[in-house]
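Have a look at the structure below before the remarks.
Remember, it's 1-based here, ligands and their atoms both numbered in the order they're listed.
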Amino acid sequence: MSRTPRDHDLAALGERVSAARAAAEARGETFYPGASRVHLSAFPPKERWDDWVELSSRAWPVREEKHYMLVPTTCFNCESACGLLAYVDRDTGQVRKFEGNPEHPGSRGRNCAKGPATINQVTDPDRVLYPMKRAGRRGEGRWARISWDEALDALAARIRAALTEGRQNEIMVHIGRPGEDGFTERVLASWGVDGHNSHTNVCSSGGRTGFQFWMGIDRPSPDHAHAKVIYLISAHLEAGHYFNPHAQRITEARENGAKVIVLDTRLSNTATHADYWLSPQPGSEAAINLAIANHLIRTGRYDAGFVRRWWNWEEYLAQCRPELPRTFEAFQAVLAGLYQDFTFEYAAAESGISAEVLAEVAEVVAGAGTRFAGHSWRSAAAGNLGGWQVSRTLFLISALLGAVATEGGTFPNAWNKFVPRPIHVPPHPGVWQDLSWPQEFPLAQNELSFLLPHLLKDGRGRLDTYFVRVYNPVWTNPDGLSWMEVLTDEQKVGCFVALTPTWNESAYFADYVLPMGHGSERHDTHSYEQYDGQWVAFRQPVLRAARERLGAAVMDTREVNPGEVWEENEFWIELSWRIDPDGALGIRRYHESRARPGRKLTVDEYYGWMFEHSVPGLPERAAAEGRTPLEWMRRYGAFEISRGQGAVHEQEVPAAELTGVAVRGTGRVYTAAPAPDAPNIVPMGAPAPDDQGRRAVGVMVDGVVRRGFPTPSGRLEFWSSTLAAWGWPEHALPGYIKSHVHPSVLAPGQVVLLSTFRLPTQIHTRSANSKWLDELSHTNPVWIHPSDAARFGVNRTGDLIRVETEIGHFVAKAWITEGIRPGVVACSHHMGRWKLTGHSQAGAGAMMATVALRQEQAGWAMRATEHVRSYSSADPDTARIWWSDTGVHQNLTFPVHPDPISGMHCWHQAVRVRPARAGDAHGDIAVDTAKAREVYRRWMAQTRPAGHVSPDGTRRPRWLMRPLKPGAAAFALPGALPGGPAGPPASPRANRSAGR
Ligand code: SF4
């Protein structure tokens, strides 16, 4: 074939790139392919970050140079923690834009739309800039600006009084997405309170629980880039966990020929990129996983060597099949029968996907061998009763294939994550917070955060001082109007403090609204599992770092942030000092300088100490450039500690660690003596102590003590002794729990509402003050299949519909599409932002409707009185808002559905969809919170409280993870008798254990 001129151009370009690469490498520089003035580069080379030159697009065709200092930070818009580079204009000293940080090992210079949109949040004309205190009744909407001193002194006095009067459990800090590793837990531990609350049980607890019971570690770390088959139960390429860092590695794998299998009821963007898109009936995903597992077992295509060495099959036989010989052959015979009911035909009947397709997919999975990367996160695991079994059955496939901690397989996240030790580590709190960890949920993966209004209404406690931090409980949780009822009741919540960069539906009901920084205005450290390696990244106030690079000293982040916006690190340190001004409470010492005893700890010393003493390799790397570790992190933003962790469980425990150990049970090796109550910052993936506090050091495998997994047995727990001992023996094996929205329990005319899906261009309420994102995505019509639309009498896309839930209804627009399976409707949860009429405060000007909220005989009724429209502000773009429809707040109409085991809120709803009635308006909400109480009680009745089932008189197995773990004594149940009623035997067969 003859070469075209274009071929010649490309060849010449290739030669120039090669020459530029060679020249850069000869100078000892990193070569960045792409466009620039020096050599072709996709990213600004780090050697030129002090003075990066770009031509002004506005001045074109004049070549006007803009000079920037590039300062790294970390995106705060989702959990992926991608690196950002702030372009600080050297003339104005202000941030001009954000782009990707090529030195970040997880995101590698790439971002999604939400990363660069950080600049919108920084320049948002509606943001909170000064501390505010309410001036009228709670929720009345009248506010007065106050000083930080006034806020700090008032809060410190309240907290000090609560602590000295023994009311530790009246202090709570409720975190949205943390975006940091352990700072807040450390502060609370220093106060001696068990006051950490999180959003995790409305997010990922279901996904985590299934992995936790297998590995003792609650998150998977798939090595997507090297996989042969990638199996995703969620929309991972666009909005799933570690979205951008994972998506780019999934894309690499696809380029190398990997097959991608996606289970998603909705035609997500991810599904459109899949080799196999399976659109299952919601809640049937575990049945599909088990049919694939059955295929692997039945055809003998599982890794018997791995299973023999690493599953706790011996323990299972001993406890559940004592009549059988304790041999692997006996176990294999049992295994062959355990899942035989999960045929492709059975899974097809449950899922609605043909048996032939399932068989074909199972063959693809069988061919992956140890290069099978599976991930399940929110999605099905967050939608369904028993959703945690979706991830437990997914990991069953990995564990059968031996695709655990292999190249292209799935790692326990703790091996691909690194949490540095901080300068001070306070002891475990000595109290137990029943409002977050109620006895009904001894095995809950995280705090029962979304039940807080009901637990307060039950009279189980009160809160004196309740902080929410970048968290919007009224909007984010189900049953938001019950939240509003308790947040406006001063008997239940004495003082409500919102730490937030923006006004939101919850902040309107606060006593104090305190302005916190965005991703370029605060310090945090992070590390997340995104490939088989470990890194730590640094979020920092970029204008502070820029000034310091120019030789100026910045003592307080408020000096560089807009208005009086602060950061949490400095805020918590200052508040802790004011709670304990003379050190008498023992709090202050955890917030004091080591270098200058008696003086306040600074963030420079906090992170300087951490990077100097707890990040392996960083001091040497920094020294090679003549920098301190802190200076190095302020300059580059992220440090890769290691790559290729490999199979940590296979590592032999050195002989020096084996003196005085004892082998127990089926091979777990413990220290002979109890370990002292360890500090509450437990190293990631460290084995938990046993019930007597003895530290696990490994597990005996074929006569060799190896590191193993941090489970009670030290092995992968196919059979969970914890589930069996704590009242749920029938679910101790990976199995299938029929959902609360299983077709067999839907009433005539009901369909499933899939309410959990994310859009790639928004992130809950956090991104609503980003005008670019708002223009892209501002409404949430309900996806309806054409056949259902005809059945419901909905004629056209855009028609108004009523969606009726157990406690009320919402009115939305229909979107008729074949991208959803018949019998299921779907609505994204990002939209429907609102502010109450009569509130003078700003909100998210491009995303919030103004609403009237009335209490009627049948409950609450909300209606928009004014939709979004263009307006004048400091930002001329607000005059260009062209949309008015900002969607509907569907979460208000959902009751709480706590899964009795994982504690996860089961988001899917059984609903009826009808054409809107005359007089209905888009966005209308009706909710009866009395009915919400009934649903709450019905689900609580399905639990098996620790007081009934605890085998040892404790509230919860000590080995299970908790973000902030109290000391051992606090685990004791008040007056409980050990041992509870035995449940049915272990069985993977479909059953419904709770719910409707
Ligand atoms: S995926 Fe997007 S929103 Fe999330 S951290 Fe990365 S750039 Fe930010």
* In terms of the angle between their ring planes, are His236 and His375 parallel, tilted or perpendicular, with boundaries placed at 30° and 60°? ->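 The rings of His236 and His375 sit tilted, inter-plane angle from 30° to 60°.
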* To do: Determine the interplanar angle of the His829 and His764 rings, folded into 0 to 90°, and report it as parallel if under 30°, tilted if 30 to 60°, perpendicular if over 60°.
  =>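 Parallel, since the angle between the ring planes stays under 30°.
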* Asked: Taking NZ, NE, NH1 and NH2 as the nitrogens, is one of them in Glu99 or Lys97 under 4.0 Å from a carboxylate oxygen of the other?
  ->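 So Glu99 pairs with Lys97 through a salt bridge.
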* To do: Applying side chain to side chain contact (heavy atoms under 4.5 Å, CB included) between Leu499 and each of Val470, Val468, Leu514, report the one that passes.
  =>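 Output: one option passes, namely Leu514.
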* Where at least one partner belongs to residues 74-88, residue pairs that pass salt bridge (Lys or Arg N to Asp or Glu O under 4.0 Å), sequence neighbours excluded ->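 Found Glu79-Arg177, Glu79-Arg378, Glu79-Arg758.
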* **atom 6 (Fe) of ligand 1 neighbourhood, protein N/O/S only, threshold under 2.8 Å** =>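 Near atom 6 (Fe) of ligand 1, the protein supplies Cys82 SG.
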* To do: Please report the closest heavy-atom contact between Pro478 and Phe450, naming both atoms and the distance.
  =>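 So the two residues come closest at CD-CB, 4.2 Å.
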